[in-house]
Amino acid sequence: MIYFANPGKRFLKNKTTETKIIKDVLVSNKYILGDNVKLFEKNFSKFIGSKYAVGVANATDAIELIMNNHNIKNNDEVITVSHTATGTISAIISCGATPVLNDIDDDYLFECKNLKNLVTKKTKAVVIVHIYGQACDFRSIINFCKKRKILIIEDVSQAHGSKIALKRSGNIGDYGVFSLYPTKNLGALGDGGIITMNSKSNFNKISMLRNYGWDSKNLTKINGRNSRLDELQAGILNFRLKKLDKDNLKRIKIAKLYNLKFKNLPIKLPKIGKNFSNVFHLYVIQTKKRSKLLAYLKKNRIFAGIHYEIPNHLHPAIKGKIRFKNLEKTTNISKNIVSLPIYPELSKNDQLKVINNVLNFFKRT
Ligand SMILES: *Cc1c(COP(=O)(O)O)cnc(C)c1O
């Protein structure tokens, strides 16, 4: 069986080392907010190039914590895309704010030129999503947002290590938000998340908000909550972070091979880009024959995915809580997108199986 992602293989690849890391944490007597989390926050901010990082429980919480820190609530608006994981949008709704959904460009990314038509007096923040591993180049909107005091949050949950020009995604806006869910480019053994930022006061406040609002003397100075990254995950993540660039290069290599082999097929291929502008969290193509292709692959024990089958603006609990003008591209592509298997541990043999099956399918049809 070949799946579009396979976190088990990541563990098996370094089973001895990772098992030791787990055992060390288990006997350390310190499972929450200890040295591993501190070290991971330090290592991760260094990797991204940001001054600070705060480990949290997941990326959905990360977005909520940022909103809470800036008092974004009822009657406020936050602009983002419909074409993203549910968490991006549910976090905004949970704060009471209204998600204002922008359409995407031909590479599935936030259409920057629409921004000025979506901004109102209520706009408090923009969440840029670096989808499928692609860094969304949003530099053209930075000054516009600064002038209006609109916060820019980068959702880098699918693009850990990607770069815009020479800077890592997550270090260009006011905040970077990263999910560390097991299948992500940097993934834990369960849920996890981390937030990067360059402001010391935001760092201090978010560090408190994730831990009941306590200061260093456990005095509740602001009303917080519990959204912590745990020591076990941080220990594993410290080890996996060292391999992230190399792992991303493996993903890029697979994507290049797929693009080469598929270049004559009637499908839309993803852009490879340069210098880590795409770290291929997912390898997404578009085809009008999606359901037949998926069935054919499944029969041959290859399980492709769809990210995402139903756009967020059409989900029952989201529909009534958003505002948007035009989501034509988002809606159209949702019918044709397919995520083919891609992950650093995907063997050459399995890559060739995927390639041959896709080629055979289009030969037959
Ligand atoms: C995975 C993901 C999330 C949600 O992350 P969690 O850690 O599961 O909360 C948010 N945004 C994007 C773009 C994602 O891919």
Side-chain angles (χ1 to χ4, degrees), residues 4-5 7 10 40 44 53-68 78-95 99 101-102 104 107-110 125-136 138 152-162 169-170 173 175-196 206 210 225-230 233-234 236-237 240 244 248 251 270 278-284 305-313 315 318 322 330 333-334 337 339 342-343:
F4 68 82
R10 172 144 59 183
F40 179 60
F44 194 77
V54 182
V56 295
N58 57 70
T60 309
D61 276 10
I63 296 171
E64 270 194 65
L65 288 164
I66 296 167
M67 302 279 152
N68 295 156
V78 177
I79 300 176
T80 188
V81 283
S82 177
H83 190 60
T84 180
T86 311
T88 318
I89 289 167
S90 65
I92 300 167
I93 294 175
S94 297
C95 299
L101 302 179
N102 189 6
I104 48 175
D107 298 314
Y108 315 100
L109 296 164
F110 189 95
V126 172
V127 183
I128 298 288
V129 181
H130 302 294
I131 200 110
Y132 300 157
Q134 305 180 101
C136 173
F138 63 95
I152 301 182
I153 301 162
E154 294 175 69
D155 184 345
V156 205
S157 299
Q158 299 195 5
H160 316 62
S162 66
S169 305
Y175 291 96
V177 163
F178 301 78
S179 171
L180 304 165
Y181 181 87
T183 60
K184 309 282 180 170
N185 291 40
L186 180 63
L189 301 175
D191 277 313
I194 192 159
I195 308 172
T196 52
I206 300 243
R210 68 150 175 204
R225 54 195 277 193
N226 176 356
S227 181
R228 299 175 297 227
L229 181 68
D230 67 67
Q233 304 305 343
I236 293 289
L237 290 160
R240 293 183 174 183
L244 179 56
N248 280 340
R251 290 175 181 270
N278 189 351
V279 293
F280 284 94
H281 173 58
L282 295 168
Y283 180 91
V284 176
I306 302 174
H307 300 87
Y308 299 89
E309 195 165 3
I310 300 169
N312 277 300
H313 64 280
H315 281 268
I318 294 176
I322 53 174
T330 302
I333 63 116
S334 71
I337 47 180
S339 312
I342 193 164
Y343 47 88

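As a basis for the values below, the full set of heavy atoms in this structure was taken, side chains included, without hydrogen atoms, waters or symmetry mates. Start at 1 and go down the list; that is how both ligands and their atoms are numbered.
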Q.
One pair to check against side-chain contact (heavy atoms from CB on, under 4.5 Å): Val279 and His130. What are the steps and the verdict?
A. CA-CA 10 Å; Val279 293; His130 302 294; over 6 Å; no
Q. Can you tell me which residue and heavy atom of the protein come closest to atom 8 (O) of ligand 1, and the distance to 0.1 Å?
A. Ser179 OG, 4.0 Å
(Q) Is it the case that over 12 heavy atoms from other parts of the model lie below 6.0 angstrom from the CZ atom of Phe138? (A) yes
Q. Judging by distance only, is a nitrogen or oxygen of Tyr181 under 3.5 angstrom from one on ligand 1?
A. no
Q: Any atoms of ligand 1 less than 4.0 Å from a non-hydrogen atom of Thr88? List them with their elements.
A: 10 (C), 11 (N)
Q. Between Arg225 and Asp61, is there a side-chain N and carboxylate O pair less than 4.0 Å apart?
A. yes
Q: Write down the atom of Asp191, the atom of Gln233, and the distance for their closest heavy-atom approach.
A: O-CG, 3.9 Å
Q) What atoms in ligand 1 come closer than 4.0 Å to a heavy atom of Ala85? A) 2 (C), 3 (C), 10 (C), 11 (N), 12 (C), 14 (C), 15 (O)
Q. Taking the non-hydrogen atoms of His281, is any one of them nearer than 4.0 angstrom to ligand 1?
A. no
Q) Considering only heavy atoms from C-beta outward, does the side chain of Thr196 approach that of Tyr175 to under 4.5 Å? A) no
Q: Give the ring-plane orientation class for Phe178 versus His160, where under 30° counts as parallel, over 60° as perpendicular and anything between as tilted.
A: tilted
Q) Where does Thr84 meet ligand 1, judged by heavy-atom distances below 4.0 Å: at the side chain, the backbone, both, or neither? A) side chain
(Q) Closer than 4.0 Å to some heavy atom of Thr60 - which atoms of ligand 1 meet that? (A) 4 (C), 6 (P), 9 (O)
Q.
If we set the cut-off at 4.0 Å for heavy atoms, which region of Asp155 has an atom near ligand 1: side chain, backbone, both, or neither?
A. side chain
Q: Answer with side chain, backbone, both or neither: which part of Val129 has a heavy atom less than 4.0 angstrom from an atom of ligand 1?
A: side chain
Q: Say whether Asn312 and Ser82, considering side chains only, have a donor N or O and an acceptor N or O under 3.5 Å apart.
A: no
Q: Ignoring hydrogens, just give me the one of Lys184, His307, Glu64 whose non-hydrogen atom is nearest atom 14 (C) of ligand 1.
A: Lys184
